[in-house]
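A short write-up of the structure that comes next.
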Amino acid sequence: MCYNFSMVKFNEVMARGRAKKLSPVVLAFVGDAAYSLFVREGLVLSSDHKTGELQKMSSARVSAKGQAELFSRIEAKLTDEEREIFLRGRNAKKPTRSKSASVAEYNVSTGFEAVIGFLYLAGDYDRISELLTDET
């Protein structure tokens, strides 16, 4: 299957209402990548480690277990809109299961990723930083 990316711009912002209407699993798909990039960029900018060590450090944070732990620390900061998106993501039927996290941790991590994906697609990068900078 071939996709036409010629009309897509990197970091193109989606209307907030349109982003909110996306499937929570789709939001989590984007949020997983955005959070992974956030963590990797932070590690590279703040350390002098080789790639193998960076990968280990990144994996601990980006894992479902790591995301669930982080979410427990930032949950109180969520707006009503973000909480609604989190709940949709947490409760969504997912096509896969985690091998290294409990079902509860995996569900929380999917909700967390949905929030990050929503904010990323809506171009609310400052809000992502606000939620994650002091907690990662």
Side-chain angles (χ1 to χ4, degrees):
M1 184 174 264
C2 184
Y3 298 97
N4 183 0
F5 291 106
S6 63
M7 300 299 291
V8 177
K9 291 186 262 177
F10 187 71
N11 268 3
E12 188 168 347
V13 174
M14 181 181 284
R16 200 170 186 93
R18 181 175 172 215
K20 193 171 182 178
K21 290 179 184 177
L22 290 174
S23 155
V25 177
V26 170
L27 292 174
F29 171 75
V30 172
D32 176 58
Y35 181 62
S36 180
L37 181 59
F38 179 88
V39 168
R40 288 172 181 228
E41 185 176 309
L43 289 171
V44 168
L45 292 173
S46 67
S47 69
D48 199 15
H49 297 286
K50 294 184 179 186
T51 56
E53 188 63 27
L54 290 169
Q55 180 60 36
K56 287 179 191 173
M57 294 165 69
S58 172
S59 293
R61 293 181 180 186
V62 176
S63 69
K65 185 182 254 357
Q67 290 176 358
E69 289 172 10
L70 170 59
F71 182 76
S72 71
R73 296 192 308 269
I74 68 168
E75 182 176 10
K77 294 181 178 183
L78 295 184
T79 65
D80 289 342
E81 179 181 50
E82 292 162 353
R83 187 170 312 285
E84 184 265 323
I85 291 166
F86 167 77
L87 291 172
R88 285 179 47 217
R90 184 194 67 187
N91 297 335
K93 185 163 177 67
K94 295 139 191 95
T96 60
R97 294 281 173 221
S98 174
K99 296 177 188 99
S100 59
S102 70
V103 171
E105 289 169 330
Y106 187 68
N107 289 342
V108 168
S109 73
T110 303
F112 167 79
E113 290 172 345
V115 171
I116 300 302
F118 166 72
L119 294 171
Y120 180 83
L121 289 172
D124 204 344
Y125 311 124
D126 288 341
R127 180 61 178 150
I128 293 172
S129 290
E130 185 180 322
L131 286 173
L132 302 179
T133 299
D134 294 335
E135 302 302 330
T136 56

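Computation of the quantities below employed the complete heavy-atom set of this structure, encompassing side-chain atoms and omitting hydrogens, waters and symmetry-equivalent molecules.
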About how many Å separate [atom2] of [Y] and [atom1] of [X], when rounded to the nearest 0.5 Å?
X      : Y      : atom1 : atom2 : answer
Lys93  : Thr110 : NZ    : OG1   : 13.0 Å
Leu43  : Leu54  : CG    : CG    : 6.0 Å
Ile85  : Thr79  : CD1   : OG1   : 7.5 Å
Leu121 : Ile116 : CG    : CD1   : 11.5 Å
Phe71  : Glu113 : CZ    : CD    : 12.0 Å
Leu27  : Lys21  : CG    : NZ    : 13.5 Å

4.5 Å side-chain heavy-atom contact, [X] and [Y]:
X      : Y     : value
His49  : Lys56 : no
Leu132 : Val39 : no
Arg90  : Leu87 : yes
Asp32  : Gln67 : yes
Val30  : Leu22 : no
Arg16  : Lys20 : no

| request: Start with the C-alpha gap between Phe38 and Val62, add the side-chain angles, then the distance that decides, and say whether side-chain contact (heavy atoms from CB on, under 4.5 Å) holds. | output: CA-CA 10 Å; Phe38 179 88; Val62 176; over 6 Å; no
Please give me the minimum heavy-atom distance between [X] and [Y], naming the atom from each residue.
X      : Y     : value
Ala101 : Ala64 : CB-CB, 3.7 Å
Glu82  : Lys77 : OE1-O, 4.2 Å
Arg88  : Pro24 : NH2-CD, 3.4 Å

| request: For the pair Ser36 (side chain) and Ala33 (backbone), establish whether a donor and an acceptor sit closer than 3.5 Å, ignoring hydrogens and angles. | output: no
| Geometric class of the Phe112/Tyr35 ring pair [parallel <30°, tilted 30-60°, perpendicular >60°] | perpendicular
| said: Using a strict threshold of under 4.0 Å (side-chain N to carboxylate O), is an ion pair present between Lys50 and Glu53? | reply: no
| message | Side chains of Gln55 and Ser59 only: does a donor on one sit below 3.5 Å from an acceptor on the other? | response | yes
Is there a path of hydrophobic side-chain contacts, each under 4.5 Å between heavy atoms, that joins [X] and [Y]?
X      : Y      : answer
Leu37  : Val26  : no
Val25  : Tyr106 : no
Val108 : Val103 : no

